[in-house]
Structure formats: structure tokens, C-alpha cells
Q: 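There's a structure below that I have some questions on.
Below, chains carry the letters A, B, ... as their sequence lines are ordered, and counting in each starts from 1. FYI, side chains are in, hydrogens and waters are out, and symmetry mates aren't considered; it's all heavy atoms of this structure. This is a predicted model, so every value here is computed, not measured.
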Amino acid sequence: MSRYNFKETESKWQSIWEQRHSFQVEKDPTKLKYYVLEMFPYPSGRIHMGHVRNYTLGDVVARYKRAQGFNVLHPMGWDAFGLPAENAAIANKVPPTVWTHENISTMRNQLKSMGLSYDWSREVATCDKNYYRHEQKIFLEFLNAGLVYQKESWVNWDPKENTVLANEQVIDGKGWRSGADVERRLFSQWFLKITDFSKDLLDGLRPLDRWPDKVRLMQEKWIGRSEGATIYFKIENSDQKLEVYTTRPDTIFGASFCAISPNHPLALKLSDKNPDLQTFIAECSRLGTSEASIETAEKLGVFSGVNVHHPFLKEKILPIYIANFVLMDYGTGAIFGCPAHDQRDLDFARKYGLDVIPVVAPQDLDHDDYMIKNEAFIEDGVLINSMFLNGLNIDDAKKTIIEILEKEGSGRATENFRLRDWGVSRQRYWGCPIPIIHCDKCGAVPVPKEELPVELPDDVNFDFPGNPLENHPTWKKVCCPLCKKAALRETDTFDTFFESSWYFARFCSPKADSAFEQSDADYWLPVDQYIGGIEHAILHLLYSRFFTRALQKIGYLNISEPFEGLLTQGMVCHETYKNNEGDWLFPHEADQYKESKKSVLVGRSEKMSKSKKNVVDPETIIDTYGADTARLFMLSDSPPERDLDWTDSGIEGAWRYVNRLWRLVNQSKNIISNLNDTRPGILSENSQNMFKKLHRTIDGVSKDLDKFHFNKAVARIREFTNDLEAFSDVEENANWVRRQSLEAIICLIGPMLPHLGEELWYTLGYKTLLVDTPWPQADPEMLVEENMTVGVQINGKLRGTIQLPKDCNDKTAEEMALNLENVKTIIGSNNIRKIIVVPNRIINVVI
RNA sequence: GCCCCUCUGGCGGAAUUGGUAGACGCGCUGGAUUCAAAAUCCAGUUCUCGCAAGGGAGUGCCAGUUCGAUUCUGGCGGGGGGCACCA
């Protein structure tokens with residue numbers, strides 16, 4: 001018999017689906033919708049195995065839901081703005097737009113060769129002005145609604161390239177490309193007020209029960225809520241006060257100093273007249289924000305020359321220090337130091353000779369001479385040295401002190417969040433222009449809506465360092481929309497996370513003249529199932545949740561959560577190889593080395609990455625084995641959320657199954673060729689059992705797919721295929737069971753092996769498409785068991801099994817169990833103390 | 001440092017609410033087919049003692065709860081991840 005020709009078959013069915021518009025959908029209020037979305041890719045050049053895995057998972061869900069009768073929206077597009085396009089422009093002199101569109105076209109073809117059930121008519125690319133013009137409008141609406149502001153903020157500045165760098169691009173305090181020492185500079189940047197939604201974003205996590213706990217926890221920590229108090233300290237010889245945030249207001253009587261951030265307004269004011277402070281502040285801002293520099297930096301402070309009064313101890317004066325470890329953008333940018341109960345404050349106090357006053361003592365201790373040595377006491381205990389708080393525990397002391405602070409007007413209970421506002425300005429070319437015009441007289445003026453989009457110019461020059469928009473001879477020179485005088489365009493572009501924060505809504509009406517039609521969004525949103533990598537657990541997913549709320553606020557959307565269900569898939573890993581010289585080797589190079597008896601060092605399996613060369617190109621795999629085989633392998637062995645090891649033998653195994661199924665259908669198509677659906681009246685016992693297995697398989701696979709247990713679904717189908725091959729029954733009606741079984745296998749495997757599925761469906765004589773065939777239903781009667789195999793234990797150890805009728809009475813079960821030869825010999829002359837019968841499961845004899 | 005997850009054969013992984021550990025796949029061993037190979041098919045495959053029937057051990061380690069623990073509790077260890085001057 002000939003072999004399965006996957007090449008011909010796969011492209012045949014791909015074009016039939018395309019001709020018939022099988023996957024194009026329209027809003028249909030009479031049908032239940034299901035929106036399945038995979039994180040859209042950055043068009044970097046070619047697809048990688050991570051994409052193959054991601055899109056296979058999504059496609060199985062989409063095809064499964066479609067077969068179940070849902071109106072399935074399954075779109076695909078391109079997250080097309082980003083830095084690699086600019087780097088390519090610099091390196092290869094190709095304009096970013098050309099580079100990007102070439103990549104999109106390559107990758108679109110690659111995706112199409114995978115047989116994914118996308119509605120390609122909804123494709124969007126974020127670098128398309130028909131996409132980003134809506135984004136500019138949304139930004140202006142946000143501005144109107146008070147969700148946008150402009151602020152000076154510190155950035156990483158590469159003095160050699162004259163550009164701002166993202167934190168990720170600063171390595172050991174140096175620019176990743178130039179190697180120049182990165183400076184901190186104050187820049188005017190646009191911010192989105194994500195912190196307006198801090199509490200809402202936190203509370204909104206709780207109902208997301210179809211999100212992984214891990215992601216919810218990560219977002220919770222990122223938002224970082226804490227409870228405490230703001231305390232006002234009166235500044236000595238002034239009517240002004242210093243506001244300080246603390247989570248330990250109970251330790252107020254142990255305060256021995258205050259410290260403010262070098263960027264605190266008070267610090268800046270005081271430094272005007274104090275050159276020493278000026279020098280210190282300048283030094284602080286020179287230090288990078290990178291982790292390494294924070295780790296190594298010494299905790300330093302200088303006395304500001306100003307003191308504050310303690311709010312309760314009238315005679316007590318606390319010095320204000322300017323300290324390099326106090327962050328301006330957390331809390332109020334000022335702290336009070338209680339050295340006895342905070343390790344960092346203790347170190348600071350010892351260094352500058354400040355008091356250490358214990359105010360919480362361990363429960364069972366002689367409090368009178370309790371002293372703090374080199375370790376701060378941070379556990380719960382009893383309040384001491386604290387006037388009206390003495391004797392209380394920490395929790396009660398907190399409540400009491402906050403009440404009193406509020407009553408006396410010297411403080412208030414405060415809820416604080418770690419989350420910061422989202423700075424969206426990027427000094428880069430290949431992004432969405434920020435639609436603002438800067439006028440000397442009128443300030444920052446929004447571009448009038450009728451002038452949108454602000455288009456990116458094509459004629460830019462990458463020969464100079466810095467932002468090509470800034471360097472463009474004419475683009476930024478415009479008139480102020482208000483006073484009509486000469487003004488300058490904003491030359492910054494948006495952070496590319498801006499585009500990906502609302503694309504799921506655009507897919508609902510990708511051709512609309514507005515960002516999206518509200519009625520479409522009302523029908524399709526929220527996304528029922530979102531699938532992508534865990535690496536977006538915080539940034540992209542948090543921004544999208546924020547955007548949805550912001551869009552709700554400006555009246556665009558009626559929902560606040562964009563993604564009802566979330567599946568975070570694991571990485572695709574592969575062994576790494578090195579030669580004796582320590583150079584990384586591609587897998588095929590490693591094979592060549594082995595063949596020519598040269599030694600290869602095999603390293604552990606790691607995420608596929610170009611730098612370690614442990615990559616397998618999906619196109620090669622699809623050429624060699626076909627898309628179905630690649631898809632099956634992606635689903636087979638590992639659960640989707642776990643990392644997947646790519647192995648050659650694994651893909652071979654998937655390939656074997658594809659061929660085996662093809663042979664099985666082609667071998668048996670003649671004997672089962674009648675299309676008669678009527679169930680024969682009598683089935684032999686053998687056939688009846690096979691028929692039951694068939695329904696158990698349908699039931700099991702459906703439940704597995706509902707829970708995204710794709711590996712288990714595959715295992716179950718393979719098991720049933722094994723059963724079918726082993727099924728030998730010469731009864732006439734057995735062929736009817738064979739046919740039913742084959743059809744079920746084809747339907748169940750269809751979402752995973754869509755091309756082979758269609759081909760075999762056709763082979764069985766169907767003129768309709770498998771994709772238009774409803775999901776098979778398990779007959780509940782066939783799931784009922786009449787006989788159970790029950791384990792028999794003695795003292796918890798398995799000694800045999802017995803066949804019992806389902807739900808038989810305990811007495812019969814006991815008798816049958818005790819009758820087993822093996823059981824009799826082991827019990828021997830021992831007394832039976834107890835017999836535990838768990839119906840249909842187990843019998844345990846205790847001796 | 002703090003927080004979270006994870007640990008099952010040679011390997012990836014299965015095991016309803018605590019109830020027959022190892023489904024399915026890979027690999028390996030033996031056999032059939034072949035001049036030979038590839039492909040395919042059949043049998044076996046947790047370790048261990050045994051010709052066998054059968055026995056012993058076994059889900060990172062140590063305890064505990066229970067008639068019974070991969071599953072629950074406490075402690076320890078390995079691996080992975082998140083956060084980290086956060087007041």
C-alpha cells in the first residue's frame with residue numbers, strides 16, 4: 001500500500017477551507033459565541049517552535065468549540081512595532097516598514113502551512129495607520145478623561161547613542177550596544193494613570209478563576225498593596241510638615257530620625273542653599289537604577305540641617321536625613337526610621353550614631369533592660385516605652401495609634417500600592433506617534449481629531465544616532481492648532497505595549513472606521529480563552545486589564561476584564577551542544593560531529609534560543625513530517641502549561657501514529673464502506689464491549705479537552721486506536737462497530753490532526769467536511785458499568801482482585817474476597833479484626 | 001532575604017473526593033518479515049529474589065494522621081520561578 005502523502009493532502013485541504021471560507025465568522029446573536037485568542041506574534045522573521053506550540057493549542061480549542069456548535073472567533077494579527085525593525089534598518093539599510101512587511105508575509109505563509117483555523121479576513125498589523133490612528137484617538141480620549149499626564153521623570157540615557165534605554169537594555173550600568181556609562185536624566189514623559197485602578201485591578205483578580213493562580217499571584221505582588229498610616233511631622237521653625245508613610249505606625253515612639261529621597265521636593269529646596277546637599281543629590285542621581293548598582297550601593301545619608309517634632313513627644317526632635325535608599329515614587333518619598341525594629345534603619349542608625357529605642361519586646365522577657373544589639377526585632381511582641389500603647393500587641397497598637405493620629409489631626413490610615421503609573425513615551429522611530437503638538441505659548445496641545453492619524457514619515461535617516469523623528473528635517477515642524485504659530489510635534493512614540501493592550505477588541509470589528517463597533521465588542525468580548533507565554537504574566541496582561549477599564553471609563557466598552565480564561569503555555573526546550581572549543585553547535589551540527597567521531601558536549605535541555613543554537617526550525621519539520629505530525633507532537637507528551645522537550649524520537653512517534661491511522665482507515669475502508677447509521681439490534685459481547693469503550697473514549701476526550709488536558713486526550717485516542725486494532729470479531733455486526741469507532745477517532749483527533757482528519761473523513765465516503773461535522777456525543781447508557789474489578793487488600797497491601805457486579809452488597813463482596821486462595825493462605829489462622837468495603841473500589845481485610 | 005511552584009520507572013508523563021501506582025508515548029530487549037536494511041508487526045520492559053506460582057521494596061528524605069497516603073499535616077533536602085533599598 002502507498003504511504004500517506006501529507007504534502008499533497010495538507011495543501012489540498014488548506015485550499016478547500018480557504019475557498020469555502022470555513023473559518024470566517026460573523027456576529028450572530030442567535031448563536032453562543034466563543035472567542036479564542038493566542039498572543040499575536042512580533043514579526044521577527046520566521047516562526048519558531050514556541051509559536052507552533054502556542055498556535056496549535058489555540059487551534060485545537062477553536063476547532064473543538066466550533067465542532068460543539070459555538071460561533072468561534074479565532075483571529076490572528078501582528079504586533080508589528082518594535083525595536084528589532086530599527087536595528088535591522090541600521091544594520092542592513094532596509095526601511096523598518098519594508099523589513100516588517102516582508103517578515104509578516106513570510107510568517108503568514110508559515111502559519112498557513114500549519115493549517116490553523118484563523119479568520120484571516122480579520123488580520124491586523126499594528127504598524128498599519130488604520131490600526132494606530134484609532135490608538136491615537138484613544139490616547140486623546142484618555143487625555144480628556146484625565147487618565148493621561150505629562151511629567152518629568154528619570155530615564156536611562158545613553159550619552160553615546162543619544163537615546164533613552166529601557167531598563168532591560170542597561171547591562172551593568174552600561175548601554176547594551178554602545179558600552180557607554182548610562183546616565184540618569186530627567187525627561188518629560190507621558191504617563192497613563194494605571195494607578196487610578198490599583199485597587200480595582202487587584203480586586204478584579206479574585207473572580208478570574210480560569211486564570212492560573214500563579215499569574216494572579218504575580219499580579220497581586222506587582223500591584224503590591226500594603227496597609228499603614230501617613231504621619232505628619234511638623235518641621236522645626238516652620239509651619240510646614242513632612243508627610244511620611246509607614247506600615248509600622250505602632251513603632252512611632254521608637255523613631256529616631258526621618259529620611260527623605262534625594263528627589264524629594266524638600267531636598268531639592270534645601271539643596272539650593274547648601275552645596276554639600278547638592279553634591280550628594282547629584283551623586284545619587286548618577287547611580288544607575290540597575291539591580292547591580294542597587295545591590296552594591298552603600299546606604300548613605302546626609303543631615304539636611306532641618307529637624308522635625310515628634311507628634312507625641314513634645315520635647316523630642318528628629319533630624320531629617322537625605323538618604324540614597326529612599327525612593328521618591330513609593331509612599332510619600334519620606335520615611336521615619338525606627339532602628340530597633342527595622343534592619344536597614346538599624347544599620348543606618350549605627351553608622352550615623354542615632355538612638356536605638358526598643359518599643360516592642362518579645363513576650364516573655366524582662367522588659368526593663370531589653371536591648372537591641374546587631375539585629376532588629378521584627379516579630380510580634382509587647383509594646384514598651386510607648387506611653388498609651390504599652391502592653392498592647394502590634395496589631396492592637398496599630399489600630400490604636402491610627403485612631404489617635406486621626407483624632408489629633410497628625411496622620412491618617414493609608415492604603416498604599418507599589419504599582420506605578422505607566423510611562424509610555426519612547427524616543428524611537430518605529431512606533432505609534434504620540435498625537436501631541438508642543439507650543440511655546442499654549443503648551444502641549446492635542447492634535448485635532450480630524451487631523452489623525454499622525455503618520456510616521458517613510459523618508460527617515462538612520463545614519464545618525466538618536467531618534468530619526470527628531471532628526472527629520474520637516475516632520476516635526478507644524479503650526480499650533482490653537483494659536484496657529486510655529487510649534488513642534490511630539491517626536492516620541494508609544495511603548496509598543498500600547499498596541500497590544502487593545503488588539504483583542506479591534507479583532508471584533510477590524511475594518512471599522514472607529515476603534516471597534518461597540519455592538520461587535522458587546523457580542524464577542526470578553527475573550528473566552530487567551531493563550532500565550534508566562535513571560536507576559538505581568539506587563540502585557542496587566543496593561544490590557546488596565547486598558548479595558550480605561551476604555552470602559554471613556555464609554556468604549558461595557559466590560560472591565562478582557563480575558564475570561566487564560567492558559568499560559570510552557571517553553572519549548574531542547575538539549576544544548578558544544579564542541580571541544582566551547583562553541584555552541586546546532587543540533588544538526590552535533591549530529592555531524594557524532595558521525596565523524598568528534599566529541600560533542602551535551603548540555604541540559606533549555607529554552608530554544610538562537611544564541612545557544614539549540615533550535616529546530618518549524619519549517620524543516622513541517623517539510624519533513626507535515627503540519628499534523630508537528631501539531632500532534634506539540635500536544636502529546638507534556639501538559640500545555642509545562643515545558644516541552646523537543647526530541648527527534650518524539651516527533652518520530654507522532655509521525656508513526658499519523659501513518660498508522662491513515663493505514664488503519666485505508667485498510668478497512670472496504671469492509672466498512674456502507675454508510676448505514678442504524679445501530680444493529682444485536683451485538684456480540686465482544687462488539688458490545690468495544691462499543692462501550694468507544695463511548696467512554698468520546699466522553700473522556702471531551703472532558704480532557706474541556707480542561708485543556710490535551711496530552712491525556714491524545715493518550716486516550718491512541719489507547720482506543722490500539723483497542724480497535726486488536727478488536728477481532730467475525731460477527732457481521734462487528735463491522736458496524738468498526739465503522740463507528742473509526743468515525744469517532746477521526747472526529748476526536750480532528751482538532752489536532754485537521755488535514756488527516758479531513759482526508760480520512762473523505763476516504764470514508766463523506767462529501768461534507770469534517771470541520772462542519774458536529775462533535776460526537778457519548779451515549780450515557782454506554783458509560784454505565786455492569787461489572788467492576790475490585791482490589792482485595794490485606795492490611796492495606798494488594799493481594800488480588802475480584803469481579804463484582806456494580807453496587808453489589810457488602811456481604812457478597814466480603815465473601816468473594818475471603819474466598820480468594822491467596823487471601824486464605826495469608827490470613828491463615830489470624831483473626832480478622834475488621835473488613836472495610838468501599839463499594840466498587842476496594843476491600844481491605846485487617847488482621 | 002521574602003513569596004510561590006515542583007519532585008512518580010532509563011525518559012516525557014498518567015492515576016476521580018485518600019482506595020488496584022506507572023495509562024499513553026519514547027527508549028531498550030527478544031522475535032517475525034527481508035538476501036540485507038528501512039518501514040511494519042508480535043512479545044516483554046519499576047527495581048529485586050525466583051524456572052514458575054509467588055514474595056519483598058517502591059512516588060525526593062524523615063516523621064505523623066488513617067484500615068489504607070503519589071494524594072492530607074509537620075520538618076528537611078534538590079530543582080524552577082517571581083519580587084527585592086517598598087518604609
Q: Between G19(B), G12(B), G25(B), which one does the side chain of Arg660(A) approach most closely?
A: G25(B)

Q: Is the distance from OP1 or OP2 of A23(B) to the nearest side-chain N or O of Arg716(A) less than 4.0 Å?
A: no

Q: Spell out, as yes or no, whether a donor-acceptor pair under 3.5 Å connects the side chain of Arg210(A) to the backbone of Leu208(A).
A: no

Q: Classify Arg833(A) by what it touches in the nucleic acid, base, sugar-phosphate, or nothing, heavy-atom distance under 4.0 Å.
A: nothing

Q: Tell me whether Asp421(A) contacts the main-chain N or O of Thr195(A) through its side chain, where contact means a donor paired with an acceptor under 3.5 Å.
A: yes

Q: Should the side chain of Lys299(A) and the base of C85(B) be counted as holding a donor-acceptor pair, with the cut-off at 3.5 Å?
A: yes

Q: What nucleotide, of G12(B), G25(B), C83(B), holds the atom closest to the side chain of Arg418(A)?
A: C83(B)

Q: How would you label the contact of Val845(A) with the nucleic acid (heavy atoms, under 4.0 Å): base, sugar-phosphate, or nothing?
A: nothing

Q: Could you check whether Asp213(A) gets within reach of a base, just the sugar-phosphate, or nothing at all, counting any heavy atom under 4.0 Å?
A: nothing

Q: Measure distances between side-chain N and O atoms of Arg344(A) and base N and O atoms of C86(B), and say whether any donor-acceptor pair falls under 3.5 Å.
A: no

Q: Taking protein heavy atoms under 4.0 Å as touching, what does nucleotides 42-65 of chain B look like 5' to 3' if B marks base contact, S marks sugar-phosphate-only contact and - marks none?
A: -------------SSS--------

Q: Does Thr789(A) reach a base, just sugar-phosphate, or nothing at all? Heavy atoms under 4.0 Å.
A: base

Q: If you count heavy atoms of other groups shown closer than 6.0 angstrom to NZ of Lys351(A), is the number above 12?
A: yes

Q: Using 4.0 Å as the upper bound for N to carboxylate O, is an ion pair formed by Arg696(A) and Glu785(A)?
A: yes

Q: Grab the CD-P distance between Gln793(A) and A69(B) for me, whole Å please.
A: 9 Å

Q: To the side chain of Ala715(A), which of G13(B), A23(B), C41(B) is closest?
A: A23(B)

Q: Are more than 12 heavy atoms, taken from residues, nucleotides or ligands other than Leu783(A), located less than 6.0 Å from that residue's CG atom?
A: yes

Q: Starting from the 5' end of RNA chain B, give me the residue, Thr647(A) or Gly333(A), whose nearest nucleotide shows up first.
A: Thr647(A)

Q: Any carboxylate oxygen within less than 4.0 angstrom of a Lys/Arg side-chain nitrogen, looking at Glu375(A) and Lys373(A)?
A: no

Q: Let's see if you can work this out: which of C4(B), G82(B), A87(B) has an atom nearest to the side-chain heavy atoms of Leu217(A)?
A: C4(B)

Q: Quick check: does any side chain N or O of Tyr352(A) sit under 3.5 Å from a backbone N or O of Gly301(A), one acting as donor and the other as acceptor?
A: yes

